[in-house]
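Before any comments, here is the structure.
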Amino acid sequence: MLNREYEYVAAIAQEGTLSGAALRLGVSQPALTRFLQKEETELGTALFQRINNRMIPTYAGECYLDYIEQIFLLQKRMMATMADIAKSDLGRLRVGITGIRRPFTIFSVIPQFKKKYPEIDLTLSECASDDLERMLEELTLDCIAVNVTKQREEFTYIPIAQEEYVLAVHKDDPLLGRAKKKKGSKYPSIRPDQLADSSFIMLSRHHRIRQFADAVLDGNRIPYHVSMTSRNLDSALEAVANNLGATFTPEVQLAYILGSKNIRYLSIDTPGTAYQFCLAYRKGAYLQPCAKDFMELFQSAFHEHPPTEVWS
């Protein structure tokens, strides 16, 4: 910062003499004289005129002093802002989530966060997982909540839960009768071949879950019917709740899905269903204390409301 040089000019104006300014600043008068001569040479104009042994600012000097005052004021505001940010009284947090996690984040996490940090500007971006990872890499997001099958070197991951891709079915779907309890499965388990001729609500092909669904059905040459195509997973789950078919989904909090009491999960007896639900942030990026608190609140709230819990 140039505070020292600005203080020299301000002290000369306030004291009215080079000797008085030098004494106040704790420097020698010759050193202060050399500074002023150098500054005026660089600016190409005189800052002071000597009248009756007093140093009186010229018009240029008055303008210089006006700018100095504004600079000092801005620096005070800057330091106050930095102090507020350090205390997490002020700042910005940019969080990215997939659409299906939005209700949980809004209802279970954000109210707690805003109660603790009312002055933090929180932005919630809802995107597909690939887009969230790209935005985190570009540092346009501070942290994201995503399903992870393969970790990326440039991210730091905070595991939230070990989950699996499952099949969501209506409570009256005949598939429930075909599923069996299997050791090591979280839910009743069904084989891909048992899905033959069933009706499915499918997502558009850019979704990771659609790619998983295609691998299960087309990869095993399973004949099936598409009863509906949905652009987002929450709409697909609402369709399941209304008995319009089954859909492949990550484990999510059913509490936030309309008609959730009608939905049941089935494990799929096929490789590649497991993934880790994680919070992630960019390695080497600065994280405010409030960002770390947000991730802790998210983790705590998630474990208070497990995916299969259904609320009234």
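Atom set for the values below is all heavy atoms of this structure, side chains included, hydrogens, waters and symmetry mates excluded. By convention here, the first residue in the shown sequence is residue 1.
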Show which residues join Tyr59 in its hydrophobic cluster (side-chain heavy-atom contacts under 4.5 Å, direct or indirect), or state none.
-> none

Summary of ring-ring contact (aromatic ring centres under 6.0 Å, His included) pairs that have at least one residue in residues 9-33, sequence neighbours excluded = none

Applying side chain to side chain contact (heavy atoms under 4.5 Å, CB included), run through Met202 and Leu217 and close with a yes or a no.
-> CA-CA 11 Å; Met202 304 294 277; Leu217 297 173; 4.2 Å; yes

Return the set of residues passing ring pair (Phe, Tyr, Trp, His ring centres under 6.0 Å) with Tyr64 (not counting sequence neighbours), or none when no residue passes.
-> none

Any idea how Phe200 and Phe248 line up, ring-wise: parallel (<30°), tilted (30 to 60°), or perpendicular (>60°)?
-> parallel

Any side-chain donor-acceptor pair under 3.5 Å between Tyr117 and Gln288?
-> no

Going from CD1 on Ile257 to OG on Ser235, what distance comes out if it is rounded to the nearest 0.5 angstrom?
-> 9.0 Å

Val27 and Arg4, any side-chain heavy atoms less than 4.5 Å apart | yes

Provide the closest heavy-atom pair for Gln162 versus Tyr275 in the form atom of the first, atom of the second, distance.
-> NE2-O, 3.3 Å

Between Tyr67 and Tyr6, does the ring centroid distance fall short of 6.0 Å?
-> no

For residues 225-241, which residue pairs qualify under salt bridge (Lys or Arg N to Asp or Glu O under 4.0 Å), counting only residues two or more places apart or in two chains?
-> Arg102-Asp234

Under 3.5 Å donor-acceptor, Thr58 side chain and Gly61 backbone | yes

Applying salt bridge (charged side-chain N to carboxylate O under 4.0 Å, His left out) to Arg134 and not counting sequence neighbours gives Asp131, Glu138

Answer yes or no for Arg101 and Phe277: cation-pi contact, defined as NZ/CZ to six-membered ring centre under 6.0 Å and angle to ring axis within 45°.
-> yes

Which of Asn220, Ile190, Leu266 passes side-chain contact (heavy atoms from CB on, under 4.5 Å) with Leu195? Answer is Ile190

Among residues two or more places apart or on two chains, list those pairs meeting salt bridge (Lys or Arg N to Asp or Glu O under 4.0 Å) that have a residue in residues 270-285.
-> Glu153-Lys283

Salt bridge (Lys or Arg N to Asp or Glu O under 4.0 Å) pairs, two or more places apart, involving residues 36-45 | Lys38-Glu42

Which ILVMFWY residues can you reach from Leu139 by hopping between side chains whose heavy atoms are under 4.5 Å apart?
-> none

Other residues, nucleotides, ligands: >12 heavy atoms within 6.0 Å of Asp121 CG | yes

Within a radius of less than 6.0 Å around NZ of Lys180, do more than 12 heavy atoms belonging to other residues, nucleotides or ligands occur?
-> no

Validation row: Arg205, Asp214 side chains within 4.5 angstrom (heavy atoms) = yes

Does any non-hydrogen side-chain atom of Thr33 lie less than 4.5 Å from one of Gln29?
-> yes

Closest approach of Gly99 and Glu126, non-hydrogen atoms and distance?
-> CA-OE2, 3.3 Å

Who else is in the cluster with Val146 when I, L, V, M, F, W and Y are joined by side-chain contacts under 4.5 Å?
-> Leu132, Met135, Leu136, Leu141, Ile144, Val148, Phe155, Tyr157

Output for pair (His170 NE2, Ile263 CD1), nearest 0.5 Å, gives 8.5 Å

Closest contact, heavy atoms only, Leu65 versus Ala10 | CD2-CA, 3.9 Å

Which pairs, with at least one residue in residues 289-301 and sequence neighbours excluded, count as a salt bridge (Lys or Arg N to Asp or Glu O under 4.0 Å)?
-> Lys116-Asp293

Residue from Arg178, Arg191, Lys182, Lys181 passing salt bridge (Lys or Arg N to Asp or Glu O under 4.0 Å) with Asp269 = Lys182

Straight-line distance of Ile120 CD1 to Lys114 NZ, nearest 0.5 Å | 7.5 Å

Rounded distance (nearest 0.5 Å) linking atom CG of Leu244 with atom CG of Asp173 | 11.0 Å

Given the rule in the side chain to side chain contact (heavy atoms under 4.5 Å, CB included) test, do Phe104 and Val252 qualify, once you have shown the distances and angles that lead to the verdict?
-> CA-CA 9 Å; Phe104 162 74; Val252 294; over 6 Å; no

Beyond-backbone contact of Met55 with Leu36, side-chain heavy atoms, under 4.5 angstrom | yes

To the nearest 0.5 Å, what is the distance between CG (Leu237) and CD1 (Ile201)?
-> 8.5 Å

Sequence neighbours excluded, the answer for ring pair (Phe, Tyr, Trp, His ring centres under 6.0 Å) partners of Phe48 is none

Atom OG1 in Thr270, atom CZ in Phe212: separation rounded to 0.5 Å?
-> 6.5 Å

Would the number of heavy atoms belonging to other residues, nucleotides or ligands and lying under 6.0 Å from CZ of Arg50 be above 12?
-> no

Donor-acceptor contact below 3.5 Å, side chain Arg264 vs main chain Lys171 | no

Where do Leu233 and Pro250 come nearest, in terms of heavy atoms and distance?
-> CD2-CD, 3.3 Å

Flag side-chain contact, heavy atom, 4.5 Å: Arg94 against Ser125 | no

In the hydrophobic clustering (ILVMFWY, side-chain contacts below 4.5 Å, transitive), which residues join Leu23, or is it alone?
-> none

